[in-house]
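Below is one structure; the comments refer to it alone.
Worth saying up front: this structure is predicted, and the values here are computed from it rather than measured. Naming: A, B, ... by sequence-line order, numbering from 1 per chain.
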There are 2 protein chains.
Amino acid sequence: MPDDPWQPPRILLAVDLVILTLRDARLHVLLVERGVDPFLGALALPGGFLRDEHEDIEAAARRELSEEAGLTDVHLEPLAVYGEPGRDPRGRVVSVAYLAVAPRLPEPVAGTDAAGASWTPVDDALAPDAKLAFDHRRIVIDGVERARTKLEHTALATAFCPETFTISELQQVYEAVWGVSLDPRNFYRKVQGARGFIVADGPMRKTPNGRPARLFKAGPVHVLIPPMTRP
Amino acid sequence: MPDDPWQPPRILLAVDLVILTLRDARLHVLLVERGVDPFLGALALPGGFLRDEHEDIEAAARRELSEEAGLTDVHLEPLAVYGEPGRDPRGRVVSVAYLAVAPRLPEPVAGTDAAGASWTPVDDALAPDAKLAFDHRRIVIDGVERARTKLEHTALATAFCPETFTISELQQVYEAVWGVSLDPRNFYRKVQGARGFIVADGPMRKTPNGRPARLFKAGPVHVLIPPMTRP
DNA sequence: GCAATAGTGTCTATAAGACAGTATACC
DNA sequence: GGTATACTGTCTTATAGACACTATTGC
């Protein structure tokens with residue numbers, strides 16, 4: 001007679017999104033107010049469960065990005081997995097976190113699903129008294145840290161910018177994400193020295209007061225050589 | 001009357017391990033021969049399903065490391081998630097891959113579970129005609145690439161070495177993992193310049209023919225400043 | 001002595017940071 | 001003119017790579 005055969009456990013899989021953008025020269029993250037328990041009323045990252053057993057994980061991330069934030073065509077990449085038992089009071093939930101980066105957008109996100117979606121300055125979201133649902137504080141920290149290091153070695157910074165941008169706009173991205181201030185003159189030299197990072201596009205852009213600036217767009221290269229070193 | 005409420009799908013969670021070591025100055029990865037379908041007889045990474053719903057994912061990785069490779073106390077860190085639908089013919093399986101690095105060990109691993117465990121040169125495992133089970137070829141590629149970049153910025157190289165080692169042994173780690181040859185004189189200078197990377201330990205080690213070398217052990221620092229730049 | 005490995009020093013090209021100075025806009 | 005922003009050039013210092021040289025072993 002056969003004894004009871006061991007069966008592997010089945011668990012719930014979720015996706016969570018750290019969506020970063022720049023507003024008023026400050027780094028912001030998109031948070032939604034939870035409408036259901038657990039953590040009802042608390043702030044949380046956009047995300048949710050896989051829709052069905054056949055949905056691709058990154059596809060689920062893009063679906064949530066669209067449903068909860070009304071965003072499409074943004075830079076998206078895997079961040080990490082969070083699967084500690086007990087991280088979700090509803091049971092064993094393993095979450096795959098993604099990092100998304102979007103250019104500045106018109107005010108309150110036209111979210112269909114989450115009316116309470118709002119851009120929050122990262123400093124506020126991570127303030128000691130701020131309370132985020134689940135382990136989302138840790139996920140935000142990891143996402144921001146990932147963005148900081150990717151800014152050094154890849155062209156991720158252009159994902160924060162509109163299609164065309166000036167060099168000083170690009171500098172603001174670096175300053176906001178790294179939380180430092182940079183010398184514009186040295187920044188010009190470095191950014192132009194990274195081959196294929198940015199290419200000229202169109203003539204000039206007027207500024208409120210001062211000399212017009214040249215416009216650039218993202219170049220073909222994604223790995224920066226030489227890298228943009230963080231101070 | 002309530003309509004059928006939507007329920008999120010439940011999936012199977014696995015761990016897979018990319019275990020790297022150095023043998024004969026070449027980078028090797030631990031592979032096991034599969035004893036069951038699917039991919040019966042093919043080579044695969046050590047790994048398996050979560051034992052039960054309450055097992056921590058990293059704990060599961062350490063358990064497989066011990067069961068399938070007889071290894072404990074090795075460097076272990078999360079690598080990535082692989083969850084594409086269809087990657088496992090048995091159904092929807094999402095795998096969390098870990099990178100493990102071990103010092104050189106006595107020949108055939110004293111594996112309890114997997115008798116067929118064997119160290120394979122990474123070049124062979126990734127040769128065009130080599131066939132690995134599932135998407136394990138991709139996972140090995142990602143693991144090796146992770147090791148390469150971590151060698152630049154962290155003290156990971158010491159995890160390939162026994163407790164005490166000479167500088168030229170450490171150089172062999174870099175040469176094997178990066179697949180390049182380095183100038184020993186510049187390597188000495190750089191390795192000593194990374195503060196806290198290695199510290200002197202014990203007097204000398206005899207060599208078959210030549211001047212004895214000083215012994216070092218891993219220092220307290222894990223982030224290398226300045227980094228070891230790859231040629 | 002010779003061969004082999006360990007370790008030090010020195011030179012040079014490159015890259016990074018500081019910062020002077022010029023150019024072009026609006027007022 | 002004054003102010004603000006955009007850009008260019010130069011100087012100094014730190015770092016990386018090439019490589020000459022010395023040191024200590026076994027034979």
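Following rounding to the nearest Å, A:E169 (CD) and D:dT5 (P) show an atom-to-atom distance of 13 Å. In this structure, the CG atom of A:N186 is 15 Å from the P atom of D:dT10, given to the nearest Å. As rounded to whole Å, 19 Å separates atom C1' of C:dG9 from atom CZ of B:F187. Between A:E152 atom CD and C:dA16 atom P the separation is 12 Å, expressed in whole Å. Atom CD in A:Q172 sits about 12 Å away from atom C1' in D:dT5, given to the nearest Å. As rounded to whole Å, 16 Å separates atom C1' of C:dA15 from atom CG of A:L224. Rounded to an integer number of Å, the gap from CE of A:M228 to C1' of C:dA15 is 13 Å. Distance B:L215 CG to C:dT5 P: 17 Å, rounded to the nearest Å.
Among residues two or more places apart in sequence or in another chain, the salt bridge (Lys or Arg N to Asp or Glu O under 4.0 Å) test is passed with A:E169 by A:R205.
Looking at heavy-atom distances under 4.0 Å, B:S168 makes contact with sugar-phosphate atoms alone, never a base.
Note on A:R214: a side-chain N or O is less than 4.0 Å away from OP1 or OP2 of D:dC7. The shortest distance between the side-chain N/O atoms of B:K190 and the OP1/OP2 oxygens of D:dG17 is below 4.0 Å.
When distances are taken from the side chain of B:A213 to each of C:dA6, D:dC7, C:dC19, the shortest belongs to C:dA6.
Put simply, the side chain of B:R185 and the base of D:dA20 share a donor and an acceptor less than 3.5 Å apart. The base of C:dA25 lies outside donor-acceptor range of the side chain of A:R211, with no N or O pair under 3.5 Å. Below the 3.5 angstrom threshold, one finds no donor paired with an acceptor across the side chain of B:R189 and the base of C:dG9.
Here the CG-CZ distance, from A:D201 to A:F165, works out to 9.0 Å after rounding to the nearest 0.5 Å.
Position along DNA chain D of the nearest nucleotide to A:F216 versus B:D183 favours A:F216 as the more 5'-ward residue.
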Problem set entry | Pair B:V199-B:K217, side-chain contact (heavy atoms from CB on, under 4.5 Å): steps then yes or no | CA-CA 6 Å; B:V199 296; B:K217 62 181 177 186; 3.6 Å; yes

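Using a 4.5 Å heavy-atom threshold, the side chains of A:R214 and A:I167 count as separate.
With a 6.0 Å radius and a threshold of 12 heavy atoms from other residues, nucleotides or ligands, A:Q192 has its CD atom above the threshold.
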